[in-house]
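Here the structure comes first, spelled out in C-alpha cells, and everything after it is commentary.
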Number of protein chains: 4
Amino acid sequence: MTDDDDKRKARATQRRIERRSQILDAARKVFSVKGYHAASITDILEEAGVARGTFYLYFPSKRAIFEDLLEQMFSQIKGTVRRIQTGAGAAPPVEQLYGTVSQLVEVLEGNRELTIILLREAVGLDADFDQKLNAFYLRLATMIEAAMHLGQTMGLVRPCEVSLVARCVLGSVKEVMLRLLSADHPWAGLPREKVAREILAYNLHGIFVGIADGTPPSDAA
Amino acid sequence: MTDDDDKRKARATQRRIERRSQILDAARKVFSVKGYHAASITDILEEAGVARGTFYLYFPSKRAIFEDLLEQMFSQIKGTVRRIQTGAGAAPPVEQLYGTVSQLVEVLEGNRELTIILLREAVGLDADFDQKLNAFYLRLATMIEAAMHLGQTMGLVRPCEVSLVARCVLGSVKEVMLRLLSADHPWAGLPREKVAREILAYNLHGIFVGIADGTPPSDAA
Amino acid sequence: MTDDDDKRKARATQRRIERRSQILDAARKVFSVKGYHAASITDILEEAGVARGTFYLYFPSKRAIFEDLLEQMFSQIKGTVRRIQTGAGAAPPVEQLYGTVSQLVEVLEGNRELTIILLREAVGLDADFDQKLNAFYLRLATMIEAAMHLGQTMGLVRPCEVSLVARCVLGSVKEVMLRLLSADHPWAGLPREKVAREILAYNLHGIFVGIADGTPPSDAA
Amino acid sequence: MTDDDDKRKARATQRRIERRSQILDAARKVFSVKGYHAASITDILEEAGVARGTFYLYFPSKRAIFEDLLEQMFSQIKGTVRRIQTGAGAAPPVEQLYGTVSQLVEVLEGNRELTIILLREAVGLDADFDQKLNAFYLRLATMIEAAMHLGQTMGLVRPCEVSLVARCVLGSVKEVMLRLLSADHPWAGLPREKVAREILAYNLHGIFVGIADGTPPSDAA
DNA sequence: CATGAATGAGTCTTCATTCAT
DNA sequence: TATGAATGAAGACTCATTCAT
C-alpha cells in the first residue's frame, strides 16, 4: 500500500513538474516574442494549452512567472562565468577567458528566448523589478572587475578606471548577443567560436597590455 | 487685413509650437521617470497642466508622442556623430574620434531624460516600434562600421569581423552611458573628459593596430 | 467672458452632481434588491445606463459607493433621532419620544431601499466594514441608553441593565422596520402612525415605570 | 458473509457520518468567523483537513453545507421554544416563559458559532436563501403570536397589533443575543439568568397587562 | 472512498481615446 | 482652441465545481 502510495505520489509530483515546465515554456516563448507588457496571460494560456485557473495554480501572478524565467537565466549565466584560476597548473588566463566567453555564447544561444527576454526587457517594469536586473548586471560587472584587478596585479591588464571599463566589456557582450539572437541578424552564419573569438579579441585588446598584432587570441595562445 | 491675418496666424502658430513643447517636455520628464508603460496620459497631463482633449489636439496618441521624443534624440545624436575626415589638413583620426566621443558624452549627459528613455525603453512596445529602434541603432552601427572600414584601409584598424565589432563598440557606449546617467552610478565624480577618454581608450585598443602601452590615447595623440 | 465661464462651470458642476446621483440611485436600487455581494458593477451600470469607465469616474470602487450609500443613511437617521428635552417649556417626554419614533418610521419608509440595505446587509463584508456598522448601531444604542438614564433620574424608567435593554429597544425597531419595508409584509395596510404608536407602546411599557393599562401612549398623553 | 457485510456496512456508515461531522464542524467554525461570502471552500478544507474532492462527496455545494448548518440551528431552536401550557397543573405562564427564554439563551450561547451565523448572515445570499431565513423567523414570530393570543384570551396580554409586536419581541431577542455572542460585548460578565430575566422583563412589561413595579418577573413569580 | 489537479465563467478595475460644449 | 466627462475594450485574477486516478 505504502509502495503504491509512494509511486502515485511520485508520479503526481512528476506531473506537477511537467505541467510547470509546460507553462514556463509557453511563457518563455510568449515573453520573448511580445515582451512583458504586450504578453497577456491569455497568450500564455493559449500557447500552453492550459486553462486560466491552471496557470494560477502554478504561478501566483504574471510577474511571478516572469521573475521565475529571469531567475532561470541568472543561474545559468552564473554557472557559466567562472573565476580565472591562477594556480600553478592553471591554463593561461587568456585561454581561460576564451573558454568562458565561448561557453557563455553557447549558453546564451542555447537559451535564445530567455536571453532575449533578459537583454531586451532590460528595464521598465517597476522600480522593484529594475533593481533585480540592475543587481544582476552589477554582479556580472563586479566579476569582470575582479578579473581585471587580478589581471592588473599580474601585469596583464593596463591601468584604467576598472569599474567603468568593466561596464564597457559587459555592454559589448550584451549588445552583440542581443543582435546575434534577434530574428534576422547580419552574422547569421558565424559559428559560435568565431563570435567568441571576435568578442574576446575586441575586449582583450582593450584591457590587455601587450602588442596588438591583429591576430585573434586563439592563434596567439 | 491680410497683414493682421498674417500676424494673427503667426502668433497662433507660435502658440501652437509652445503648447507642443510644453506637452513634450512634460512627457519627456514623465517617461524618463516612469518608463513608457507605467506612464499614463494622465501623468503627462498633470505634469503639463493641460487638459485631456488638448493633448490629443497635438498628438494623436501616447505612442506618437513617445516616438516624437525618440526622434528628437535620434537627430541630436546624428548631429553629433560625424564622419572621420581624411583630407590633407584634417586632424589625426584619433583626435577626431576623441572629439566625437567627447561630444557624444556631452550631448547624452545634456539630455539625461531622453537618453535614459532611449537606452532603457530599448524595446518591448510592439514589433513596429522595435523596428524603429533597431533601425536607429543599425544606423549608428553602420556609421561605426564605415569608420572602421576606413580605418582598415588606412592600416589603423586591425582586421576583424567589422559588423560584429561595430556592435561591440556601440554596446560598450550604451552600457556606460546608461549607468552614467542612472540615479546613483559609481563614477559620480568622473568628469566627462575622463569618461570619454576611457571609453575611447577601451575601444581603440580593441580596433586599433598598434602598441598598446597602457597610455590613454589623449596622451598618445 | 468670465460670466460665460462661470455659467459653464456651474452647469458642469451641476451635471456632475446629477450623474453622481444617477449612479448612486442605480446602486441603491441594485444593492437593496440583490445585496452587496450578489450585486455586480455591471448590474449597477445597466441600471444606471452608464458606461463602465463612467462609474469609476465617480466612485473608486464598488465598496466605496456602498459605503457612500450607508453614510447617506447614517446621516439621515442621525438627523431624525433627537435628544429628549427636559427644559421648562418642553413637551412631555413621552410626546417627544412619539415624535421621534414617528419621524424615524417616516424617514425609514421614505428611504426604503437604503434602509433595507442598512438593515439586511448587517454584516459580513469584511472586518473593517463590520466595524463601521457596529459603530453606527453602537451610537444609536448609546443614544437610547442616554435617554434611559435620563428617564431613570426622572423616575420614569424602571431600574434595569440599561445597556442591555437599550439593545432590546434597538432590536425591536430594526426587526419591525425590516419586515415593514420588505416586499410582502403582513402589515401592508398599517399607517405609519399606528406602527409608531405600537412600537412606542411596546417599548415604553418595557422601560416605563407606571401602570400599564393597555392604552396606547398617544391616548395617555 | 451477510453478517460481515452488515458489519462492514455499519462501520462504513459510521465513518461517513463522522466525516460529515468533521466537515460540518470545520464549516461552522469558518463561516462564523469569516461569514458566508468571505469563507472559501479552501478555508473549510484546511480547517477540516480534508481534500477538495472529499468535500463534494458529502455536500453538493458551498451553499448546501451552509443551509445544513442553518437547519441544525433551526431544529435546535425549535426544540427550545415550547408552547405555553394552560392545563390545570401547569406552572404559571410567566414562569413558563422565563423557562423558555432562559433555555433559549442557554442554547444560543452553547452554539455560539451557529447562532452568530444565523443572526449575522441574516440575508443577502440570494432570493431563495432569504426566503428560507424569512420562513424560519416567520415560524418563530408565529409562535410568539400564538402565545400572545393565548395571553390575550387569558387577560394577561394587553390588546395590540399582535403580529407587529411579536416581531418586536423577536427583534429584541435577536439583537441582544448577537451582541452577547459577539467578540467583545459590554455585558461580558452577566450570567445567563440575569440576561434572560432582563429580556423577559423588558418584553413582559411590553405585552403584559398589569402593574409594572420595576421588579424582574422572577421575583414577581 | 479519497484525492487534488484542472477548469473557466465571472469579477473588479484601468486607461487610451473620443466628442459635445 | 481648450476642456474634461464619457466610453468600452482589455487585462489580471478568484474560486466553486468537476473528474481522472
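Residue numbers begin at 1 in each chain, while the letters A, B, ... track the order of the sequences.
Residue A/Ser61 is the one, among A/Arg15 and A/Ser61, whose nearest nucleotide of DNA chain F lies closer to the 5' end (criterion: closest heavy atom). Toward the 5′ end of DNA chain F lies the nearest nucleotide of A/Pro60, the other residue of the pair D/Pro60 and A/Pro60 mapping further downstream. Of the two residues near DNA chain E, D/Val50 and A/Ala51, the one whose nearest nucleotide lies more 5' is D/Val50.
Rounded to a whole Å, the CZ atom of B/Arg63 is 10 Å from the P atom of E/dT17. The distance between atom CD of D/Gln22 and atom C1' of E/dC1, rounded to the nearest whole Å, is 13 Å. Distance, D/Leu45 CG to F/dT17 C1': 12 Å, rounded to whole Å. The separation between B/Lys62 atom NZ and E/dT14 atom P is 15 Å, rounded to whole Å. Between the CD1 atom of B/Ile65 and the P atom of E/dA16 there is a distance of 12 Å, given to the nearest Å. Rounding to whole angstrom units, CD1 of residue C/Ile23 and P of E/dT13 are separated by 14 Å. For the pair B/His37 NE2 and E/dA16 C1', the interatomic distance rounds to 13 Å; values are reported in whole Å. Separating the CZ atom of D/Arg20 from the C1' atom of E/dA2 is a distance of 17 Å, rounded to the nearest angstrom.
Using a distance-only test at 3.5 Å, with no hydrogens or angles considered, a donor-acceptor pair links the side chain of A/Ser21 to the main chain of A/Ile17. Remark: the backbone N or O of D/Val50 is not paired with any side-chain donor or acceptor of D/Thr54 at under 3.5 angstrom.
Note on ring orientation: taking the six-membered ring where Trp is involved, the planes of D/Tyr36 and D/Phe31 are parallel (angle under 30°, cut-offs 30° and 60°).
For D/Arg52 against F/dT18, no side-chain N or O and base N or O form a donor-acceptor pair under 3.5 Å.
As judged by a 4.0 angstrom heavy-atom cut-off over every strand, A/Ile41 is placed among residues touching the sugar-phosphate backbone only. Contacts of D/Phe59 with the nucleic acid, taken as non-hydrogen atoms under 4.0 Å apart, are absent. Nucleic acid contact for C/Ala64: none, since no nucleic acid atom lies under 4.0 Å from a heavy atom of the residue. Within 4.0 Å (heavy atoms only), B/Phe55 reaches no atom of the nucleic acid at all.
Closest approach of D/Gln22 and D/Ala48 over heavy atoms only: NE2-O, 2.8 Å. Nearest heavy-atom pair across D/Lys62 and D/Ala39 is NZ-O, 2.8 Å.
Annotated stems with DNA chain F as a participant read E:2-21 with F:2-21, given as range with range, by first number; only runs of 3 or more Watson-Crick or G-U pairs under 3.5 Å qualify.
In summary, A/Lys132 and A/Glu67 engage in a salt bridge, as defined by a charged side-chain N under 4.0 Å from a carboxylate O.
Within the 4.0 Å cut-off from OP1 or OP2 of F/dT7, at least one side-chain nitrogen or oxygen of C/Thr54 is found. For E/dT3, neither phosphate oxygen OP1 nor OP2 lies less than 4.0 angstrom from any side-chain nitrogen or oxygen of D/Tyr56. Residue D/Arg19 places at least one side-chain N or O under 4.0 Å from the OP1 or OP2 atom of E/dA2.
Listed candidates were F/dT7, E/dT11, F/dT3. Nearest to the side chain of C/Leu57 is F/dT7. Of the candidates E/dT13, F/dA16, F/dA5, the closest approach to any side-chain atom of C/Tyr58 belongs to F/dA5.
The closest side-chain heavy-atom distance from B/Thr115 to B/Met73 is below 4.5 Å.
The CG atom of D/Asp68 lies 7.0 Å from the CD atom of D/Glu71; values are rounded to the nearest 0.5 Å.
Remark: the separation of the P atoms in F/dT21 and E/dC1 is 22 Å, to the nearest Å.
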